[in-house]
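Convention: sequence-line order gives letters A, B, ...; per-chain numbering from 1.
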Amino acid sequence: KAGVTQTPRYLIKTRGQQVTLSCSPISGHRSVSWYQQTPGQGLQFLFEYFSETQRNKGNFPGRFSGRQFSNSRSEMNVSTLELGDSALYLCASSLVGQRNTEAFFGQGTRLTVV
Amino acid sequence: KQEVTQIPAALSVPEGENLVLNCSFTDSAIYNLQWFRQDPGKGLTSLLLIQSSQREQTSGRLNASLDKSSGRSTLYIAASQPGDSATYLCAVRHGSGNTGKLIFGQGTTLQVKP
């Protein structure tokens, strides 16, 4: 079956701009979580969406937001980009509530803010 | 607050050696623990998932153990190969499991020399 798909793979944006990243989960998975990975901070949880509702949120400013559609696809948006937002953004999909709740990750979107 | 620590941060071994990667967590109330592999600039590949009620899981040359009471997990790699060179991450899923949120360690970067 198809894995988790993230688009685009690479992005270069200018400070102050906004960006939208997309994640299509594995078919049947209703939970999508987003993570930011940087060399200094490692993998940090951004937020989780389940059945179109944000269920958990990490410690990030309000510039980071997301949404989930009825087909479970998710988008995350970062407004007023800062240099420090340069990172690899990863999404994961899971069958939460099931016994073997395994997370599967996409290849990530590499965002560079200049 | 759950914290996950991985030791060592980096490891270099000759090909053929058996090795152990360590992961510790501060709160034993976990639902499961997952080991991942990450190649440079890529997403995460799931290696092994251990439920909180299990002691170990095996896949090929990989064996992961879990001691929930002491807050420790190990990933054993037998007969290491240059292709095993990557960063290995452990992550815990908390509580009831009804969440997609994972808390990650900082990873161990493994280099296997031919």
Review point. Would you find more than 12 non-hydrogen atoms of other residues, nucleotides or ligands less than 6.0 Å from Arg72(B) atom CZ?
Key: no

Check your understanding: Once you round to the nearest 0.5 Å, how far does OG of Ser94(A) lie from CD of Gln34(B)?
Key -> 7.5 Å

Check your understanding: Measuring heavy-atom distances to chain B, does Gln107(A) have an atom under 4.5 Å in its side chain, in its backbone, in both, or in neither?
Key -> both

Review point. Quick one: do Leu11(B) and Val4(B) end up in the same hydrophobic cluster if we chain Ile, Leu, Val, Met, Phe, Trp and Tyr together by side-chain heavy atoms under 4.5 Å apart?
Key: yes

Practice item. Count the heavy atoms of every other residue, nucleotide or ligand shown that sit under 6.0 Å from CZ of Arg15(A), and state whether that count exceeds 12. Key: no

Revision key, fill the gap. Comparing Phe47(A), Tyr49(A), Tyr35(A) against chain B, the one with the most heavy-atom pairs below 4.5 Å turns out to be Tyr35(A)

Practice item. Take atom CG of Asn71(A) as the centre, draw a 6.0 Å sphere, and report whether it contains more than 12 heavy atoms from other residues, nucleotides or ligands. Key: yes

Practice item. Return yes when atom CZ of Arg63(A) has more than 12 non-hydrogen atoms of other residues, nucleotides or ligands closer than 6.0 Å, and no otherwise. Key: yes

Check your understanding: Would a distance-only check, ignoring hydrogens and angles, find a side-chain to backbone donor-acceptor pair under 3.5 Å from Arg93(B) to Thr101(A)?
Key -> yes

Check your understanding: What distance separates Glu102(A) CD from Gln51(B) CD, expressed to the nearest 0.5 Å?
Key -> 9.5 Å

**Study point:** Part of Phe45(A) within contact of chain B (heavy atom distance under 4.5 Å)
**Key:** side chain

Check your understanding: What do you reckon, is NZ of Lys113(B) surrounded by more than 12 foreign heavy atoms closer than 6.0 Å?
Key -> no

Point to revise | Selection from Ser33(A), Ala103(A), Ser31(A), Gly42(A) maximising heavy-atom pairs under 4.5 Å formed with chain B | key: Ala103(A)

Study note, to complete from the structure: Between Gln41(A) and Gln106(B) the two heavy atoms that sit nearest each other are O-NE2, 3.6 Å

Check your understanding: Is any side-chain heavy atom of Gln38(B) less than 4.5 Å from a side-chain heavy atom of Gln37(A)?
Key -> yes

**Study point:** side chain to side chain contact (heavy atoms under 4.5 Å, CB included) partner of Leu43(A), the single match among Ile103(B), Leu44(B), Leu102(B)
**Key:** Leu44(B)

Exercise for review: Report yes or no: do Phe105(A) and Leu21(A) belong to one cluster of Ile/Leu/Val/Met/Phe/Trp/Tyr joined by side chain heavy-atom distances under 4.5 Å?
Suggested key: no

